[in-house]
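Just so it is clear, the structure is predicted and the values come from calculations on it, not from any experiment. Numbering of ligands and ligand atoms starts at 1, following listing order.
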Amino acid sequence: MEKARLYSGMQPSADSLQIGNYIGALMQWRGLQDSYDAYFSVVDLHALTVPQDPAELREKTRRTAAQYIGAGIEPTRSTLYVQSHVSAHPELAWILSTITGFGEAGRMTQFKDKSSRYGADTTSVGLFTYPVLMAADILLYQTDVVPVGEDQKQHVELTRDLAERFNSRFGETFRVPNAVIQQDTARIYDLQNPTSKMSKSSDNQSGVLYLLDEPSVNAKKIMRAVTDNDGTVRFDRAEKPGVSNLLVILSAITGRQIPAIEDEFAGRGYGDFKKAVAEAVVNEFEPVRNKALELMADPAELDRLLAVNADKAAAVANETLANVYDRVGLLRRR
Ligand code: TRP
């Protein structure tokens, strides 16, 4: 039987991914790539929806790809590529934009949040049509499943609606994808401010663990993580957000259940517990970091891998796009 198809993507928005991306996305993707025909993209066109420094964007795109591979996304098994290398993405996005309602796009909560933060003058039309480009990413590959965070669920819903609308207007063309939403227990919070989501844009960088940081830097951040005065290693998001966050991290990385970890540390102090978390994180990150640094030191080889995979992706995407162009009535070029 043919494997079902999986698609996901991540923006090249930082020099280094952080542990939230690692646990929430990369670890999952790594685990899924055997059971699915998996496509993963670095969505650089999406990154352009907010201002970027050109040289930095290029660098971040390579770095993000290197970290995917470092984390175990194998470029010979999965199709790992850069979105802008496959021109069918913006081409299909244009077609889809013509069947997307203005009001429908305006109801996307991420757009409403971002545009109210930036203000009307710095909000681009690209930011408005961001979810349409995301729908194109997914639909070009006849995707079955889309693993994403809760914040992207509405965009996958829109993708489904557009696929169904197109199919009913122009005939069966797209497979209708399903979102697989990452569990809330996989959510990672800031080490210094454990009630807000860990984010690279945090003012206090001592609460954020980066994949590419020196191991000693990450160990230190974990040893200094905010906890509480209660002294027991117990999961309680409301009363003990700091300890709970560390429990989630340790559990995700070791694959052990939280109650087993609580038992292990019963009657022991936070120092021991933090040491165990630091050790687990450092050991997990080390090979990922080394592999990513190795690839970043050889950009020609990295670019070659990305080019091979862009060709693989384009072969699938172009077939879908040609069919779409036919369906909507564009004249074939001879
Ligand atoms: N919008 C997604 C995010 O910010 C990234 C993304 C772009 C994506 N295209 C995609 C995710 C297609 C899944 C499938 O996380």
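Geometric assessment of Lys275 against the ring of Tyr270 yields a negative cation-pi assignment under the 6.0 Å and 45° thresholds.
Contact annotation: for His155 versus ligand 1, there are no heavy atoms closer than 4.0 Å. Contacts between Val156 and ligand 1 below 4.0 angstrom, taking non-hydrogen atoms only, are absent altogether. Residue Val148 touches ligand 1 through its side chain alone, judged by heavy-atom distances below 4.0 Å. With a heavy-atom cut-off of 4.0 Å, His46 touches ligand 1 through its side chain alone. The proximity of Val146 to ligand 1, defined as any non-hydrogen pair under 4.0 Å, is limited to the side chain.
Side chains of Asn309 and Thr79: no donor on one and acceptor on the other come within 3.5 Å. Defined by atom type and a distance below 3.5 Å, a donor-acceptor pair is present between the side-chain atoms of Ser196 and Asn193.
The residue from Tyr130, Tyr7, Tyr39 that puts a heavy atom closest to atom 1 (N) of ligand 1 is Tyr130.
Distance alone, capped at 3.5 Å, is enough to place a donor-acceptor pair between the Asn167 side chain and the Thr173 backbone. Panel note: side chain Gln33, backbone Gly72; a donor-acceptor pair is recorded below 3.5 Å.
Counting protein heavy atoms only, atom 5 (C) of ligand 1 is closest to Gly9 O, 3.6 Å. Among all protein heavy atoms, the one lying closest to atom 2 (C) of ligand 1 is Gln152 OE1, 3.4 Å. Summary of contacts: the protein heavy atom closest to atom 9 (N) of ligand 1 is Asp137 OD2, 2.7 Å.
Using a 4.0 Å cut-off between charged nitrogen and carboxylate oxygen, Glu59 and Arg63 count as a salt-bridge pair.
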message = Using ring pair (Phe, Tyr, Trp, His ring centres under 6.0 Å), reason through His89 and Tyr141 one step at a time and then give a plain yes or no.
response = CA-CA 10 Å; His89 290 247; Tyr141 298 90; 5.7 Å; yes
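Those atoms of ligand 1 that come under 4.0 Å of a heavy atom in Val43, given as number and element, are 7 (C), 9 (N).
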